[in-house]
Amino acid sequence: MKKIAFFDSKLYDKIWFDTINNKYNYDIHYFENKLNSETAILARGFDAVIGFVNDEINKETIDELYKNNIRILAMRSAGYNNVDLKAALNKIHVVRVPWYSPYSIAEHAMALLLCLNRKIHRAYSRTRDRNFSLNGLTGFDLHGKTVGVIGTGKIGKVFIDICRGFGVNILAYDPYPDTNSNINYVSLEELFKMSDIISLHCPLTKYTHHIINKDSLSKMKDGVYIINTSRGALIESEDLVDALKTGKVGAAGLDVYEEESDFFFEDCSELIIKDDVLTVLSSMPNVLITSHQAFLTNEALENIARTTLKNLHQFFNNELLENEVIYKIKD
Ligand code: NAI
């Protein structure tokens with residue numbers, strides 16, 4: 001029976017992986033530890049490793065896994081920016097889950113936008129305290145506004161479809177536009193200039209790192225809403241705080257945060273958070289933070305478990321790895 005080391009496990013992962021594993025009967029050991037250079041040794045004696053978005057899978061981690069005879073790393077995520085693919089080349093195969101539910105993430109992006117605009121988070125607290133005042137809760141009609149979508153892959157496209165139901169104008173930027181679609185592509189500059197709302201749906205690469213920064217923010221409309229369900233480091237967080245303070249940014253919905261790995265997915269309610277930027281952001285009434293939960297639907301979790309275990313099955317049976325991530329020099 002193949003032994004699988006599952007890192008950074010949570011109860012909701014276990015429920016779905018155990019269910020799908022009935023088909024494969026792997027011996028899955030669920031570690032709560034995140035995978036990094038220090039914890040990689042836990043994989044000794046296992047046949048495969050399952051990792052996640054906040055694991056630190058750098059060269060040291062890869063080397064330690066390799067030393068312990070691990071030849072397959074199955075990421076249970078779409079993004080793999082935390083994996084040093086160059087270090088893994090010719091040592092460890094890296095597979096991922098390219099598709100599990102673009103709906104889960106796109107719907108969450110819209111949920112953040114609607115909640116922020118119509119101040120639902122504030123109304124919820126008020127009415128529970130029997131404060132039925134409406135002062136300060138004014139939003140705006142989405143109808144007729146311009147939404148800029150950066151990245152029109154699987155999630156970006158679903159988000160665009162959802163937006164269309166609200167009667168908004170859509171502008172999009174993607175270096176690889178879908179020429180068969182009816183999406184209105186513009187330059188990044190124009191998107192920044194014209195959008196009332198900007199939603200990020202591109203991967204984190206060296207080209208998109210801090211794509212939202214002081215310079216790009218200065219090109220945007222006053223009061224622009226920014227929604228990020230992609231990766232935290234797309235936004236230079238301190239620049240965002242400054243722009244929120246001046247009102248340049250009207251509101252921010254963040255499912256991801258640059259330094260999230262120390263906090264997200266964990267209960268830190270008893271701790272003093274030493275990250276001042278996160279503390280400031282979470283104190284602002286026009287900032288809504290969710291802790292990387294956009295993927296968290298039953299459908300997505302089931303598909304993640306199904307594809308991850310299928311990826312491992314293909315490896316163990318010397319089949320073509322349909323979801324392998326290959327290192328490309330240009331990345
Ligand atoms: P995808 O690969 O289908 O689409 C990404 C799109 O971004 C592609 O069309 C690509 O051409 C475009 N792109 C690449 N470089 C770009 C650039 N410099 N500027 C603008 N666009 C660029 O990926 P998918 O499935 O739509 O996911 C998008 C991102 O969402 C993932 O990379 C991941 O970081 C994030 N994600 C977040 C989750 C969450 O729970 N918050 C869960 C799943 C994904």
For N54, the option from H292, K34, E260 that meets side chain to side chain donor-acceptor pair (under 3.5 Å): E260

Residues D27 and K2 bridged, charged N to O under 4.0 Å: no

Inter- and intrachain pairs under side-chain hydrogen bond (donor to acceptor under 3.5 Å, both in side chains), touching residues 271-288, at least two apart: Y257-D275

Sequence neighbours excluded, every pair satisfying side-chain hydrogen bond (donor to acceptor under 3.5 Å, both in side chains) that has a member inside residues 81-90: N81-R231

Output field: ring centroids H143/F166 closer than 6.0 Å: no

Verdict with reasoning, D8 to Y30, per side chain to side chain donor-acceptor pair (under 3.5 Å): CA-CA 8 Å; D8 198 10; Y30 294 94; over 6 Å; no

Ion pair K59/D63, N-O distance below 4.0 Å: yes

Pairwise distance CG(L35) to CZ(F7) - rounded to 0.5 angstrom: 5.0 Å

Test item: side-chain donor near acceptor, N68 and E64, under 3.5 Å: yes

Presence of salt bridge, R96 and E324, under 4.0 angstrom: no

Of all pairs that satisfy side-chain hydrogen bond (donor to acceptor under 3.5 Å, both in side chains), the ones with a partner from residues 152-161, not counting sequence neighbours: T152-D174, T152-Y185, K157-D178

Aromatic centroids of H201 and F159 separated by under 6.0 Å: yes

N21 side-chain N/O to Y26 backbone N/O, donor-acceptor pair under 3.5 Å: yes

K214 bridged to D242 by N-O distance under 4.0 Å: no

side-chain contact (heavy atoms from CB on, under 4.5 Å) between N184 and I170, intermediate numbers included: CA-CA 7 Å; N184 184 14; I170 292 162; over 6 Å; no

OH (Y124) with more than 12 external heavy atoms under 6.0 Å: no

